[in-house]
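If you're wondering where the values come from, they're calculated on a predicted model, not measured in any experiment.
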Amino acid sequence: MTDFIRSHLSKVKQSKQVARRHKQSVKRGAVNKSRLNQPSIFYSQFDIAIKSGSGWQMVKCPFHEDTHASMGVNREHGGYKCHACGACGDRIGFYMQWHSTTFIEACKALQLIEGV
């Protein structure tokens with residue numbers, strides 16, 4: 001090969017690598033869960049009072065007629081599990097179930113999608 005062809009192919013290869021790295025670093029549309037409010041603040045929007053501390057706290061489940069606390073909410077990561085009706089998940093899942101939305105709609109409403 002001639003020197004001209006080698007240098008041209010080298011430049012093309014380098015430009016493709018730069019474009020690939022740039023595309024990987026943008027991550028357009030990625031969900032950033034760190035944008036979620038703290039569990040106590042998040043659940044207060046739904047009239048569920050979470051006391052300070054760590055571990056699980058029992059509260060009344062909003063997804064069925066509940067006369068006593070049957071749903072556990074984790075104060076650290078915000079996961080929930082109802083021992084009566086079986087509802088469980090994380091804060092995004094709670095929002096999805098509360099508003100009957102899809103994952104994408106919930107992430108948009110909670111402003112978790114980056115690069116949009």
Original post:
In Å, rounded to the nearest 0.5 Å, how long is the span from CD of Glu65 to NZ of Lys60?
Top reply: 10.5 Å
**OP:** Could you tell me which non-hydrogen atom of Tyr80 sits nearest to which non-hydrogen atom of Asp90, and how far apart they are?
**Re:** CE2-O, 3.3 Å
Original post:
So if you build clusters from Ile, Leu, Val, Met, Phe, Trp, Tyr with side-chain heavy-atom gaps below 4.5 Å, do Phe42 and Val31 land together?
Top reply: yes
Original post:
Atom CG in Leu110, atom OG1 in Thr101: separation rounded to 0.5 Å?
Top reply: 8.0 Å
**OP:** Can you measure from CD1 (Ile48) to CE (Met71) and round to the nearest 0.5 angstrom?
**Re:** 4.0 Å
Subject >> Met58 side chain reached by His83 side chain, heavy atoms, under 4.5 Å >> reply: yes
Subject >> Gln38 CD to Glu76 CD distance, which is reported to the nearest 0.5 Å >> reply: 10.5 Å
Original post:
Looking only at heavy atoms, what is the nearest atom pair of His64 and Cys85, with distance?
Top reply: ND1-SG, 3.4 Å
Original post:
Parallel under 30°, tilted from 30 to 60°, perpendicular over 60°: which one fits the rings of His99 and Tyr95?
Top reply: tilted
Original post:
Shortest non-hydrogen contact from Ile113 to Arg35?
Top reply: O-NH1, 3.5 Å
Subject >> Check: Arg91 side chain, Lys33 main-chain N or O, donor-acceptor pair, under 3.5 Å >> reply: no
Subject >> Gap between atom SG of Cys107 and atom CD of Glu114 - 0.5 Å precision >> reply: 11.5 Å
Subject >> Ile41-Val59 co-clustered via ILVMFWY side chain contacts under 4.5 Å >> reply: no
Original post:
Under 3.5 Å, is there a donor-acceptor pair linking the side chains of Tyr43 and Gln57?
Top reply: no
**OP:** Might you point out which heavy atoms bring Ile92 and Ala106 nearest each other, and give the distance in Å?
**Re:** CG2-CB, 4.2 Å
Original post:
What closest approach, in Å, do Met96 and Thr102 show between heavy atoms, and which atom pair accounts for it?
Top reply: CG-O, 3.8 Å
**OP:** Give a yes or no answer on whether the side chain of Asp66 reaches the backbone of Cys61 with a donor-acceptor pair at less than 3.5 Å.
**Re:** yes
**OP:** Give the C-alpha distance, both sets of side-chain angles, the deciding distance and a yes or no for side-chain contact (heavy atoms from CB on, under 4.5 Å) between Leu112 and Asn32.
**Re:** CA-CA 5 Å; Leu112 303 178; Asn32 185 353; 5.6 Å; no
Original post:
To the nearest 0.5 Å, what is the distance between CZ (Phe63) and OG (Ser70)?
Top reply: 11.0 Å
**OP:** Taking Arg75 for its side chain and Lys51 for its backbone only, find out whether a donor-acceptor pair lies under 3.5 Å.
**Re:** yes
**OP:** Check whether Trp98 and Ile50 end up in the same hydrophobic cluster, where Ile, Leu, Val, Met, Phe, Trp and Tyr are linked by side-chain heavy atoms less than 4.5 Å apart.
**Re:** yes
